[in-house]
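Worksheet for the structure shown next.
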Amino acid sequence: MLEELKRQVWEANELLPKYGLVTFTWGNVSGIDRQKGLFVIKPSGVPYETLKPEDMVVMDLDGNQVEGSLRPSSDTKTHLELYRAFPECGGIVHTHSTFAVGFAQAGMDIPCMGTTQCDYFYGNIPCVRNLTPEEIDEDYEKNTGAAIVRWFADHDINPKYVPGCLAKNHGPFVWGKDAFEAVHNAAVVEETAKMDFIAKQLNPQAGNAPACYIEKHFQRKHGPHAYYGQKG
């Protein structure tokens with residue numbers, strides 16, 4: 001079942017250590033088949049060096065394990081909430097990458113200080129609030145996803161234009177049109193967090209890029225008249 005998607009999700013997971021986004025097993029990637037209403041996710045706690053396509057776990061959008069002998073990622077319910085709420089989301093990545101987690105632990109957005117971030121995110125990468133003790137006790141992973149969904153709804157932000165966020169005191173959850181784009185965006189989150197950290201060390205008063213830079217760089221890559229890259 002979903003053999004091609006399993007292979008894609010496995011390949012996307014293998015990119016996390018390649019890009020320096022995970023230590024040990026601190027991360028996971030999933031991808032969804034919207035027509036079938038099923039998604040594929042990394043199994044929990046399996047080292048990347050031993051991971052195989054056939055290890056991938058198939059889940060439905062009711063949270064049932066449809067296929068796979070291994071337990072799915074402990075973050076599966078978070079992925080599920082995002083897939084349910086963000087219909088254009090085709091892949092999700094969670095990591096504990098160093099600089100992004102640094103911002104999450106500081107409780108700070110990753111500010112849009114330069115054109116690198118403007119190319120991918122239409123503004124800051126938000127840091128979403130802590131869960132309450134009651135939310136943690138009720139269903140920690142599900143409510144992590146629900147808090148992310150609520151933040152985007154409350155701020156009227158299109159998750160297609162800001163394809164990721166930080167869960168406070170936890171780390172980044174990032175998405176894209178498929179698993180590979182989600183990994184790409186997760187790498188961007190980490191690199192821009194690193195750039196911002198360096199910029200703030202050099203100049204603590206440094207602020208966001210001018211709004212015109214954000215508008216120009218995002219629109220030239222994602223807008224109706226985008227001209228970045230090649231046609232087709």
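- With E181 contributing its side chain and K177 its backbone, the two residues share a donor-acceptor pair below 3.5 Å.
- Using a 4.5 Å heavy-atom threshold, the side chains of E14 and L51 count as touching.
- Separation of atoms CG (D196) and CZ (F99) is listed at 11.0 Å; rounding is to 0.5 Å.
- Just one of T76, T95, D75 meets the side-chain hydrogen bond (donor to acceptor under 3.5 Å, both in side chains) condition when paired with N28; it is D75.
- Listed for the D109 side chain is no donor-acceptor partner under 3.5 Å among the backbone atoms of P111.
- Within 6.0 Å of atom NZ in K221, more than 12 heavy atoms from other residues, nucleotides or ligands are found, so the atom counts as buried in its surroundings.
- Between the Q117 side chain and the G123 main chain, a donor and an acceptor come within less than 3.5 Å of each other.
- Closest of all the heavy-atom pairs between L15 and V183 is CB-CG1, 3.9 Å.
- Taking the six-membered ring for Trp and the full ring otherwise, F152 and W175 have centroids separated by under 6.0 Å.
- No more than 12 heavy atoms of other residues, nucleotides or ligands sit less than 6.0 Å from atom CZ of R71.
- With hydrogens and angles ignored, the 3.5 Å screen pairs no side-chain donor or acceptor of R34 with any backbone N or O of G90.
- Between the side chains of H94 and H79, no donor-acceptor pair of N or O atoms lies under 3.5 Å.
- Closest approach of I214 to Y122, counting heavy atoms only: CG2-CD1, 3.9 Å.
- Under the 4.5 Å side-chain contact rule for hydrophobic residues, F180 and L82 do not share a cluster.
- Atom CD1 of I32 is separated from atom CD1 of I92 by 7.5 Å, given to the nearest 0.5 angstrom.
- Under a 3.5 Å cut-off, the side chain of H170 and the backbone N or O of N130 do not form any donor-acceptor pair.
- Shown here for V101 and G171, the closest heavy-atom pair between the two residues is CG2-CA, 4.0 Å.
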Practice task
Begin from the C-alpha positions of V149 and R84 and carry the test side-chain contact (heavy atoms from CB on, under 4.5 Å) through to its verdict.
Solution key: CA-CA 10 Å; V149 170; R84 284 173 170 169; over 6 Å; no
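- Put simply, CE on M195 and CD1 on I198 are 8.0 Å apart, with the number rounded to the nearest 0.5 Å.
- Looking at M56 and L2, their side chains never come closer than 4.5 Å, going by heavy atoms from C-beta outward.
- Distance CE/M113 to CG/N124: 10.0 Å, rounded to 0.5 Å.
- Annotation: cation-pi geometry satisfied between K42 and Y48 (NZ/CZ under 6.0 angstrom from ring centroid, within 45° of ring axis).
- Of all the heavy atoms in A147 and L131, the pair that sits closest is CB-CD2, 3.8 Å.
- Under the 3.5 Å distance criterion, the side-chain polar atoms of E190 are matched with a main-chain donor or acceptor of A100.
- For the pair K160 and F86, the NZ or CZ position fails the cation-pi test of under 6.0 Å to the six-membered ring centre and within 45 degrees of the ring normal.
- A side-chain donor from one of E138 and N143 sits under 3.5 Å from a side-chain acceptor of the other.
- A distance-only check finds a donor-acceptor pair linking the side chain of H155 to the backbone of W151 [under 3.5 Å].
- Panel note: side chain E88, backbone P159; no donor-acceptor pair is recorded below 3.5 Å.
- Closest heavy-atom contact between V174 and A182: CG1-O, 4.0 Å.
- When side chains are defined from C-beta on, V162 does not count as touching I125, because their heavy atoms never get closer than 4.5 Å.
- In the hydrophobic clustering of this structure, F173 groups with F103; members are Ile, Leu, Val, Met, Phe, Trp, Tyr whose side-chain heavy atoms approach within less than 4.5 Å, directly or through other members.
- Side-chain contact between L80 and L61 is present, with heavy atoms from C-beta onward closer than 4.5 Å.
- Using a distance-only test at 3.5 Å, with no hydrogens or angles considered, a donor-acceptor pair links the side chain of T78 to the main chain of E141.
- Hydrophobic cluster membership differs between M59 and L70, with clusters built from Ile, Leu, Val, Met, Phe, Trp and Tyr side chains linked at under 4.5 angstrom.
- To the nearest 0.5 angstrom, N208 atom CG is 14.0 Å from Y213 atom OH.
- Taking 4.0 Å as the cut-off between side-chain N and carboxylate O, E135 and R150 count as a salt-bridged pair.
- Checked by atom type, the side-chain pair T192/Y120 shows no donor-acceptor distance below 3.5 Å.
- Scanning all heavy atoms of the two residues, the minimum distance from N185 to G176 falls at ND2-CA, 4.2 Å.
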Exercise for the section: Test M108 against C127 for side-chain contact (heavy atoms from CB on, under 4.5 Å), laying out the working first. Expected result: CA-CA 6 Å; M108 296 172 59; C127 185; 5.7 Å; no
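- Under the 4.5 Å side-chain heavy-atom criterion for grouping Ile, Leu, Val, Met, Phe, Trp and Tyr, V22 is connected to V29 within one hydrophobic cluster.
- Taken to the nearest 0.5 Å, the OG atom of S30 stands 4.5 Å off from the CD1 atom of I41.
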Problem - Stepwise salt bridge (charged side-chain N to carboxylate O under 4.0 Å, His left out) test for E4 and R7 - result: CA-CA 5 Å; E4 180 56 30; R7 175 160 290 277; 5.7 Å; no
Practice task
Could you please spell out the steps behind the side-chain contact (heavy atoms from CB on, under 4.5 Å) verdict for H225 and Q219?
Solution key: CA-CA 7 Å; H225 305 294; Q219 294 297 340; over 6 Å; no
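- Other residues, nucleotides and ligands contribute over 12 non-hydrogen atoms within 6.0 Å of the NZ atom of K6.
- No chain of hydrophobic side-chain contacts below 4.5 Å, direct or via other Ile, Leu, Val, Met, Phe, Trp or Tyr residues, connects Y19 to I110.
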